[in-house]
Amino acid sequence: MPLSPDVNSVRRSFWTYVAVLTTVLAAQMLHPMIPILTYVILTLWALRSVSHAVQAIVVAWIILLSNPALFQTTSTALALRWFVLFAATSRLLATRLFSFRHHAIPAYAPWLLAFIALITAHALLNQPPLVVSTLKAATLLAGIIVALEGFAERPAAYWLRWFSAVALVLVLFSAPLLVSDTGYIVNGRGFQGLLNQPQAFGLVMALILSVSVSSIVFGKTTSLSTLLLAGASGVLLVASEARTAVLALLFALPTTLLLAARHIPSWRTTMVVTAFMTIGLLLLFYPALADATRSFLLKWHSADVAQISVAEALVSSRADKIALSWENFLRSPLLGIGLGVPSQPSAQGTQTSLLGLTSAAVEKGFLPTAVLEETGLLGTVLFLCFLATALSCVFKARHPIAIFLCTTALALNCGEAVLLSVGGMGMFVWLALGYSRYLALASRPAPVSARKHSPPKGQQPVKRQSAVKSRAD
């Protein structure tokens, strides 16, 4: 039986995305000038429409976080990603301001603007002014706007095809590097695939796995391609040794079952509980499997396996950073030390490149203490109010896939505090939060005012007839 035109169209668009993404990534290997040209094209692409703006950001950030052993880039090219981001934000704001449709101001907007205004004022009034904090505030605002509002212009099926293509390209072309030294250049142990470090690769694999697993467990239909994608991304996630990503997924699954119980068939809940119990029994009765799991959580340090517990290993890897952040918070409890300012001034690597754009990579492992340290009590309260207002719809809608993705993205920040910066992995986390919010809002029933004039199900709308009738002689 031939496929319907709609199915053929969906397949063509999916494989078109795969071909374009593959071509773009392959071109980056040819010459160091290619990334510069690519970012210029992506900036123009972002100006086409809001959906193109989201696509441009995804591709730009994949290039930004690409494996340096495979892809050649320069500091100028990296600075150009901000042009892509601001072009995307400008396109979205222009669409909202000049469209004929009414767009209500999101409820989270006052909290977000107050938060950005506070940290910007603190940065400008500081002596000397905190230039890095000012830029981070501007880019954070731009990134959040695109992530939370950029998906609404297209239906869910469009974004499912796009992100499925992105996931396929990352998984398909990362897998061969499992048997190559190129896939382990950071530390020789954790797998990084096409990306620049195992933590980034593990974070992206966790987000891919959260959507594919939740679609399998909670979705209405399950395809073979989704099963294969889930299996492959799961293997690559374990190979990356990203413990935080694995634990985030394990936390998100029961959380979703608890919060969306009414929208999940009982047999699916039973299936998940049975799977967890089976895994627990295997770990209990097969010591070799339990030792392998424990070694994974200890980063395979055989010397530590007999001397340290899993809980101690998880805490000790972040304890020093958490303690230092807490000390800095106690010194500046009201406003913090500044957004993007490192816990130790000597630890900040600042790069200044095209048009004086400044970037500074700061790694802090635990989001709650990082927010307190950088923005103080006032900033933390505003940030929490913003997050609660922006993401409350996800948990109110009880959409299982949205809750699973949102919970995973938030839990990732317990080991990789990336939510306060969109210059690296944080952009992917914000896109995941924005997509989960979009799924939740799209699943809500139409307002009563929109339904009361619609005809009953199965009945065609009655066409308006002319009031003038012809007369018979």
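In what follows, every heavy atom counts, from backbone to side chain, and hydrogens, waters and symmetry copies are set aside.
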Inspect the contact between E153 and R96 and indicate whether a charged nitrogen and a carboxylate oxygen are less than 4.0 angstrom apart.
-> yes
side-chain hydrogen bond (donor to acceptor under 3.5 Å, both in side chains) partners for T23, two or more places apart = none
Minimum-distance pair of heavy atoms, taken over all atoms of G423 and L64 = O-CD2, 3.0 Å
Does anything in residues 195-209 pair up under salt bridge (charged side-chain N to carboxylate O under 4.0 Å, His left out), and if so which pairs, sequence neighbours excluded?
-> none
Set of ring-ring contact (aromatic ring centres under 6.0 Å, His included) partners for Y17, sequence neighbours left out = W162
For N196, enumerate each residue passing the side-chain contact (heavy atoms from CB on, under 4.5 Å) test, keeping only those at least two apart in sequence or located in another chain.
-> L65, P68, A200
State whether the side chain of R398 and the backbone N or O of A260 hold a donor-acceptor pair below 3.5 Å, judged by distance alone.
-> no
Kindly write out the residues that satisfy ring-ring contact (aromatic ring centres under 6.0 Å, His included) with F395, not counting sequence neighbours, or none if the list is empty.
-> none
What class does the angle between the rings of F151 and W159 fall in, given that below 30° is parallel, 30 to 60° is tilted and above 60° is perpendicular?
-> perpendicular
Partner set under ring-ring contact (aromatic ring centres under 6.0 Å, His included) for W45, not counting sequence neighbours | H52
Looking only at heavy atoms, which two atoms of F201 and G193 are closest? And how far apart?
-> CE1-CA, 4.0 Å
Taking all heavy atoms of L237 and all of A245, pick out the closest pair and write down the distance.
-> CD1-CB, 3.6 Å
Can you label the angle between the W82 ring and the W61 ring as parallel, tilted or perpendicular, going by 30° and 60°?
-> perpendicular
Atom pairs and distances, side-chain donor-acceptor, residues 112-123, under 3.5 Å, sequence neighbours left out:
| from | atom 1 | to | atom 2 | distance (Å) |
| --- | --- | --- | --- | --- |
| T120 | OG1 | I116 | O | 2.7 |

Mind listing the side-chain donor-acceptor pairs of residues 163-178 below 3.5 Å, one per line with the distance, residues two or more places apart or on another chain?
| from | atom 1 | to | atom 2 | distance (Å) |
| --- | --- | --- | --- | --- |
| S164 | OG | L160 | O | 2.6 |
| S174 | OG | L170 | O | 2.6 |
| S174 | OG | L194 | N | 3.2 |

Sub-3.5 Å donor-acceptor pair from the side chain of N67 to the main-chain atoms of G183, do we have one?
-> no
Looking only at non-hydrogen atoms, find the nearest pair between T182 and I185 and report the distance.
-> O-CG2, 3.5 Å
Is the number of heavy atoms from other residues, nucleotides or ligands under 6.0 Å of M29 CE greater than 12?
-> yes
Quick one: does W430's side chain have a donor or acceptor within less than 3.5 Å of a partner on G143's backbone?
-> no
Salt bridge (charged side-chain N to carboxylate O under 4.0 Å, His left out) partners of residues 419-437, not counting sequence neighbours, each pair once = E149-R437
Closest non-hydrogen atoms of A77 and I36, given as atom of the first, atom of the second and distance, are CB-CG1, 3.7 Å
Which side chain to side chain donor-acceptor pair (under 3.5 Å) pairs, counting each pair once, include a residue from residues 26-39, with sequence neighbours left out?
-> Q28-T38
Counting distance only, does the side-chain N/O of S421 pair as donor-acceptor with the main-chain N or O of V418 below 3.5 Å?
-> no
Hey, is the main chain of E416 close enough, under 3.5 Å, to the side chain of Q199 for a donor-acceptor pair?
-> no
Just jot down the side-chain contact (heavy atoms from CB on, under 4.5 Å) partners of T380, sequence neighbours excluded, or say none.
-> V371, L372, T375, L384
Verify whether the ring centers belonging to Y108 and W111 lie closer than 6.0 Å.
-> no
Side-chain touch F404/T408, heavy atoms, less than 4.5 angstrom | yes
Return the set of residues passing side-chain hydrogen bond (donor to acceptor under 3.5 Å, both in side chains) with T226 (not counting sequence neighbours), or none when no residue passes.
-> S223
All heavy atoms of L339 vs all of A137, minimum pair found to be CD2-N, 3.8 Å
